[in-house]
Colleague: 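One structure, as structure tokens, below. Some questions next.
Below, read A as the first sequence line, B as the second, and so on, with proteins coming before strands; counting in each chain starts at 1. Quantities reported herein were computed from a predicted structural model and do not represent experimental measurements.
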Amino acid sequence: MLYNIFEGRRKGKNMPHIPRVVEERIQKKWALKSVAETSVDKSKKKYYCLEMFMYPSGKIHMGHVRNYAIGDAVARYHRMLGEAVLHPMGFDAFGLPAENAAIKGQAHPKIWTETNIEYMKLQLDRLGFLYDWNRELRTSEPDYYKWNQWFFLKMYEKDLVYKAKSPVNWCPECKTVLANEQVVSGKCWRCSSTVSIKMMEQWFIRITKYAEELYNNLDKLTEWPNEVILMQKNWIGRSEGCFVHFEVFKKKTKILVFTTRIDTIYGATYLVLAPDHPLVDELTTDDRKAEVMNFKKTMSSMGTHERVVSKEKVGVFTGSHAINPFNDEKIPIYVANFVLMDYGTGAIMSVPAHDERDYEFAKIYSLPIKTVVKPEKEVEGVYDGDGYLVQSGEFSGMNNREAMKKMALKAKNEGFGEETVTYRLKDWGISRQRYWGTPIPIIYCKECGTVPVPYSDLPVRLPYDVPFTGKGESPLLKTESFLNTKCPKCGKEAMRETDTMDTFFDSSWYFFRYLDPKNDKEPINRELAHFFCPIDFYIGGIEHATMHLIYCRFFTMFLRDIGILDFGEPVKRLMCQGMVTKDGRKMSKSAGNIVDPDQMIEKYGADAVRLNILFLAPPTDQLDWKEEGAEGARRYLQKVFSLVEDAKDELLKDEVAEPQLGTRAYELRKITHRTIKKVTEEFNTRLKLNTIIASLMELTNTQIDFFAKYQKTKEERFALKESVETLLKLLSPISPHLADDLWLSLSPNHTFLVNEKWPEYNEEIAKEEEIEIPVQINGKLRSVIKVKADESEENILKIAKDDEKVKSYIKDKTLIKEIVVKGKIVTLVCK
RNA sequence: GCGAAAGUGGCGGAAUUGGCAGACGCGCAGGACUUAGGAUCCUGUGGGGAAACCCGUGGGGGUUCAAUUCCCCCCUUUCGCACCA
């Protein structure tokens with residue numbers, strides 16, 4: 001409709017390109033010929049191109065468009081290289097929003113999810129993404145989540161799964177557990193009630209068993225962005241140190257402390273336990289009981305958020321003392337808020353002279369400060385660097401690094417400590433008190449206890465008819481038909497586990513399921529996994545850096561250890577695409593700045609939307625959506641269209657002859673081949689697709705200029721045909737519809753560009769025979785000379801000095817230095 | 001507080017190995033075609049200056065014949081972690 005205004009006003013040539021018409025026509029042809037189908041030809045080189053699958057929220061957003069436009073361009077490029085490309089898409093279909101919709105009475109989660117998926121698939125198809133829908137998967141389907149349960153049972157066998165009481169975020173109003181990301185500033189994201197911490201039985205996965213490998217392998221992931229590697233390193237938080245046992249004065253108990261600075265142990269003037277440390281009660285003397293109990297109560301009533309926000313250090317003395325095993329000194333034991341139970345051992349030795357936090361606490365409670373490490377030069381304040389030891393018994397005078405090793409050895413030999421490694425990473429709590437997720441395949445029997453569901457009984461199906469009240473516990477708890485079952489061991493009445501799995505469990509292995517999604521014999525087709533995997537190129541948001549991207553690495557290691565895979569890392573190259581914003585702000589309903597992809601496609605066409613989103617910024621940068629840009633993209637595509645239409649008569653003729661050096665036709669060839677080179681190299685390395693598009697625009701501008709002065713010689717026809725055909729091929733990964741439509745119109749023998757061969761460049765033609773070289777005098781640009789590309793340094797210098805402008809600058813001066821960088825620059829330094 | 005990334009015309013960005021800063025596009029200005037133009041085409045477009053030239057990649061210093069690029073200090077923005085012992 002945008003075009004109807006001036007349609008028919010233009011004569012003959014230069015008819016406007018009407019995107020929606022062309023795009024629908026081409027999409028129909030693609031579907032008819034099943035171009036998206038994966039070729040499993042093992043004689044070919046494989047390429048697994050994957051974008052993070054999507055949550056079926058209802059409609060796609062611009063972030064999806066960007067993510068998938070990048071992936072589709074890369075996938076199409078590799079198809080054209082003749083590789084066996086796997087490029088699938090699926091749906092992360094379990095999750096809270098579906099259940100919330102049901103609570104609001106909108107629709108059953110299954111219906112809601114399926115309706116959304118159908119619509120979103122339509123949207124993806126309208127954008128022209130080539131997904132092999134034969135391989136589509138939905139995590140909410142029993143034939144998918146069956147294998148979640150299967151893996152859970154395998155983990156159970158391998159002792160990688162356990163149930164434990166642990167603190168969780170609890171919303172008293174919604175009566176449910178909240179994930180950390182659902183707690184906003186200590187409040188429930190839905191009802192704004194203050195979230196409390198509650199102890200609950202939860203299922204955990206021992207991901208910490210893999211902490212060391214998850215950490216060490218990071219150095220091998222050379223094609224991952226540094227920031228992700230760094231975030232994962234910090235998240236895993238590997239830290240080398242020592243365990244040290246401190247005996248408690250006049251008691252039989254020992255306190256285990258973790259420290260990374262055993263070298264400062266002579267400076268320890270007190271110990272601190274976390275408020276929830278199990279030894280607190282035992283260590284508290286009668287006279288201190290009331291105060292300690294009170295302190296503990298205050299601490300446990302605070303939410304995590306409150307506790308973290310109030311940075312003030314508070315604590316109480318337990319009344320007990322510990323003995324420093326190195327010097328037998330008697331030091332007081334405190335309980336304080338700044339020591340956390342879930343890191344290290346929940347107890348520390350405090351060295352106020354060499355630790356900022358210990359110092360702060362010591363100041364408040366007037367505890368002694370004893371210096372044991374001296375730096376080379378005196379510094380002010382708390383010194384936590386290296387130096388030599390003082391007041392440290394037999395270790396005095398030693399370099400602290402050296403002493404560290406010797407002290408650890410002594411502790412080990414004398415049995416009160418040892419070197420150790422701790423991690424910040426915690427075990428993965430996968431229990432959710434929710435309906436719309438994978439049921440955890442466990443049965444509780446009064447006689448036999450906790451019994452895993454036998455493999456032969458999988459899947460444990462999610463019942464359809466359940467009550468959605470939005471209050472109370474999981475709907476599954478109120479669904480008798482699900483809840484009541486027979487014990488697989490003794491056959492007596494038993495109850496099912498009603499917790500479902502965290503959806504991150506679903507997404508930890510989905511990329512292996514694409515290989516053979518309908519396989520009902522095994523979760524993963526090993527043969528295909530070893531052909532297509534690991535993933536060659538994985539694109540998604542950075543928000544998954546420490547969640548999905550750690551879980552899926554763990555899962556792959558686990559799959560290797562149970563013999564399904566023979567590799568342990570799932571992703572070779574990772575790219576995190578930047579956020580799409582509008583007016584610099586995140587798009588959101590509340591900000592009212594959502595850009596609707598449907599409207600954009602309707603207005604400008606899928607080709608222009610894709611071109612614009614790829615052109616506006618490099619894939620990894622934040623991108624601010626500009627509608628004017630879409631207008632520009634549409635204008636460019638119109639230019640390509642008009643050029644091909646205008647030149648069609650010539651492009652259809654077969655009489656051609658290879659152009660000679662020095663002609664206009666040869667110049668066009670040169671630019672054509674140089675563009676192929678530039679675009680190919682960019683696809684192979686940096687993938688800055690915005691610069692690829694810039695080169696294509698330059699090539700197009702050159703072609704238009706060339707055609708404006710077209711002489712209709714066989715040589716010019718050769719160059720024109722080659723150049724235009726090349727352009728269409730290079731453009732096709734980005735704006736595939738127009739490229740294909742024009743391509744098909746050029747010959748009845750043409751097939752879709754995605755099945756054509758990527759053009760090759762001829763280095764000889766691409767090469768420049770004459771180049772311009774800047775001449776600098778005393779660092780300033782003064783002239784530009786023209787020389788042969790392979791001109792010798794002496795000759796370049798001679799030509800430069802012969803240049804009139806250069807002469808005028810150096811005539812009264814003495815040359816001190818002459819620098820010639822062949823093919824680059826001449827610099828003359830003179831006085 | 002710690003860590004990381006970034007800062008280039010009016011705007012998005014380019015400069016891949018230290019070698020002509022501003023490719024390509026948006027916007028803007030002028031012109032052409034037009035009954036009309038928010039269509040299309042052409043020309044121009046970092047700042048200053050009549051010009052020769054000068055200045056210019058967040059700010060300040062340094063290395064170099066030469067710095068957007070390397071080093072040091074500072075500022076700002078974004079992100080991650082946030083008492084991690």
Colleague: When the ring centroid of H17(A) is compared with that of F641(A), is the distance short of 6.0 Å?
Modeller: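 Close enough - the centres of the two rings lie under 6.0 Å apart.
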Colleague: Hey, is the side chain of K824(A) pairing donor to acceptor with the base of U17(B) inside 3.5 Å?
Modeller: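 Result: no qualifying N/O pair found.
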Colleague: Which is true for I819(A) with a 4.0 Å heavy-atom rule: it touches a base, it touches only sugar-phosphate, or it touches nothing?
Modeller: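 Counting heavy atoms under 4.0 Å across all strands, the contact made by I819(A) includes a base.
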Colleague: Taking the C1' atom in each of C11(B) and A5(B), what is the distance between them to the nearest angstrom?
Modeller: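 Here C11(B) and A5(B) have their C1' atoms 22 Å from each other.
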Colleague: Would you verify whether the NZ or CZ of R424(A) falls within 45 degrees of the ring axis of W235(A) while also being under 6.0 Å from that six-membered ring's centre?
Modeller: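 Relative to the ring axis of W235(A), which defines the angle, R424(A) lies inside both limits.
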Colleague: With a cut-off of 6.0 Å (strictly less than), are more than 12 heavy atoms of other residues, nucleotides or ligands near NZ of K233(A)?
Modeller: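 Check passes, neighbour count above 12.
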Colleague: Of all the choices, G80(B), A85(B), G19(B), which nucleotide is nearest to the side chain of L340(A) once you look at every atom?
Modeller: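 Nucleotide nearest to L340(A)'s side chain: A85(B).
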Colleague: Please tell me which of the listed nucleotides, G13(B), C83(B), C81(B), lies nearest to the side chain of A617(A)?
Modeller: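 So the side chain of A617(A) is nearest to G13(B).
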Colleague: Looking only at the side chain of T827(A) (C-beta and beyond, no hydrogens), which of the listed nucleotides C65(B), A85(B), C83(B) gets closest?
Modeller: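 Ranking C65(B), A85(B), C83(B) by closest atom to the T827(A) side chain puts C65(B) first.
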Colleague: Is there a side-chain contact between T672(A) and L727(A), using heavy atoms and a 4.5 Å cut-off?
Modeller: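 The answer is no; the side chains never approach within 4.5 Å.
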Colleague: How would you label the contact of V829(A) with the nucleic acid (heavy atoms, under 4.0 Å): base, sugar-phosphate, or nothing?
Modeller: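 V829(A): backbone/sugar contact only, no base atoms under 4.0 Å.
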Colleague: For the atom pair OG1 (T702(A)) and CG (L668(A)), what is the distance rounded to the nearest 0.5 Å?
Modeller: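 Between atom OG1 of T702(A) and atom CG of L668(A) there are 7.5 Å.
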Colleague: Distance between the C1' atoms of U43(B) and C53(B), in whole angstroms?
Modeller: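 Those two atoms are separated by 26 Å.
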Colleague: In chain order, what residues pass the ring-ring contact (aromatic ring centres under 6.0 Å, His included) check against F361(A), with sequence neighbours excluded?
Modeller: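 F361(A) satisfies ring-ring contact (aromatic ring centres under 6.0 Å, His included) with Y270(A), Y334(A), F338(A), Y365(A) once adjacent residues are dropped.
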Colleague: Roughly how many Å apart are C71(B) and G25(B), using the C1' atom of each and rounding to a whole number?
Modeller: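 These two C1' atoms come out 35 Å apart once rounded.
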Colleague: Using heavy-atom distances to pick each residue's nearest nucleotide on RNA chain B, tell me which of L781(A) and K817(A) is more 5'.
Modeller: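 The residue mapped nearer the 5' terminus is L781(A).
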Colleague: Check every atom of G19(B), A85(B), A39(B) against the side chain of Q776(A) and return the nucleotide holding the closest atom.
Modeller: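 Nearest listed nucleotide: G19(B).
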Colleague: Considering only atom C1', compute the distance from C2(B) to G48(B) and round it to an integer number of Å.
Modeller: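 Each nucleotide's C1' atom is 45 Å from the other's.
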Colleague: Can you find a side chain N or O atom of K688(A) that sits less than 4.0 Å from OP1 or OP2 on A15(B)?
Modeller: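 For A15(B), OP1/OP2 do have a side-chain N/O of K688(A) under 4.0 Å.
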Colleague: At a cut-off of 3.5 Å, list every protein nitrogen or oxygen paired with a nitrogen or oxygen from nucleotides 45-53 of chain B, distance to 0.1 Å.
Modeller:
from	atom 1	to	atom 2	distance (Å)
C53(B)	OP1	Y809(A)	OH	3.3

Colleague: Which nucleotide in the list A4(B), C81(B), U16(B) gets nearest to the side chain of R686(A)?
Modeller: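 So the nucleotide nearest the side chain must be U16(B).
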Colleague: For E804(A) and S808(A), which I'm curious about, is there any donor-acceptor pair between the side chains at under 3.5 Å?
Modeller: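 Judged by distance alone, the side chains do not pair up.
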Colleague: Are the side chain of H354(A) and the backbone N or O of V382(A) linked by a donor-acceptor pair below 3.5 Å?
Modeller: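 Side chain of H354(A) to backbone of V382(A), a donor-acceptor pair under 3.5 Å: no, none is there.
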Colleague: Given G19(B), C54(B), G13(B), which nucleotide is nearest the side-chain atoms of D621(A)?
Modeller: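 So the side chain of D621(A) is nearest to G13(B).
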Colleague: Contact class for K233(A) vs. all strands (heavy atom < 4.0 Å): base, sugar-phosphate, or nothing?
Modeller: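 Answer is nothing: K233(A) stays at 4.0 Å or more from every strand.
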Colleague: If you measure from the C1' atom in G9(B) to the same atom in G27(B), how many Å do you get, rounded?
Modeller: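 One C1' to the other, the span is 12 Å.
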Colleague: I want to confirm an ordering. Mapping K678(A) and T546(A) to their closest nucleotides on RNA chain B, which one lands closer to the 5' end?
Modeller: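 Nearer the 5' end of the strand: K678(A).
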Colleague: Is any side-chain heavy atom of E631(A) closer than 4.5 Å to a side-chain heavy atom of Y604(A)?
Modeller: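 SC-SC contact between E631(A) and Y604(A) confirmed.
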Colleague: Can you check the distance between A14(B) and A4(B), where both ends of the measurement are the C1' atom (answer in whole Å)?
Modeller: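 Pairwise C1' distance, A14(B) against A4(B), rounds to 25 Å.
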Colleague: Enter syn or anti for the glycosidic conformation of G9(B), syn applying to angles within 90° of 0.
Modeller: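 Judged by the O4'-C1' to base torsion, G9(B) sits in syn, the angle falling within 90° of 0.
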Colleague: Using a 3.5 Å limit on both distances, find every run of at least three consecutive Watson-Crick or G-U pairs that involves RNA chain B.
Modeller: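 B:1-7 with B:75-81, B:10-12 with B:24-26, B:27-32 with B:40-45, B:46-48 with B:53-55, B:58-62 with B:70-74 - these are the stems of 3 or more pairs that involve RNA chain B.
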Colleague: Just verifying a value: how many Å separate T581(A) OG1 and D583(A) CG, rounded to the nearest 0.5 Å?
Modeller: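 That separation rounds to 8.0 Å.
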Colleague: Roughly how far apart, to the nearest Å, are G7(B) and A21(B) at atom C1'?
Modeller: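 So the two C1' atoms sit 16 Å from each other.
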Colleague: Work out how far the P atom of U57(B) is from that of U69(B), and round it to whole angstrom.
Modeller: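 Rounded to whole Å, the distance is 9 Å.
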Colleague: Choose from U16(B), C83(B), U40(B) the nucleotide whose nearest atom is closest to any side-chain atom of E682(A).
Modeller: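 So the nucleotide nearest the side chain must be U16(B).
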Colleague: Over all strands shown, is E772(A) touching base, sugar-phosphate only, or nothing at heavy-atom distances under 4.0 angstrom?
Modeller: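 E772(A): base contact, heavy atoms under 4.0 Å.
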Colleague: Could you label the plane-to-plane angle of the F707(A) and Y710(A) rings as parallel, tilted or perpendicular, counting under 30° as parallel and over 60° as perpendicular?
Modeller: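 Correct class here is tilted.
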Colleague: Does E419(A) have any side chain to side chain contact (heavy atoms under 4.5 Å, CB included) partners at least two apart in sequence or in another chain, and if so, which?
Modeller: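 Side chain to side chain contact (heavy atoms under 4.5 Å, CB included) check on E419(A) returns C242(A), A408(A).
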Colleague: What residues, two or more places apart in sequence or in another chain, satisfy side chain to side chain donor-acceptor pair (under 3.5 Å) together with T726(A)?
Modeller: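 By the side chain to side chain donor-acceptor pair (under 3.5 Å) rule, T726(A) matches no residue at all.
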Colleague: Please enumerate all protein N or O atoms sitting under 3.5 Å from an N or O of nucleotides 22-29 of chain B, with distances to 0.1 Å.
Modeller:
from	atom 1	to	atom 2	distance (Å)
A23(B)	O2'	E698(A)	OE2	3.1
G25(B)	OP1	N701(A)	ND2	3.1
C26(B)	OP1	R635(A)	NH1	2.6

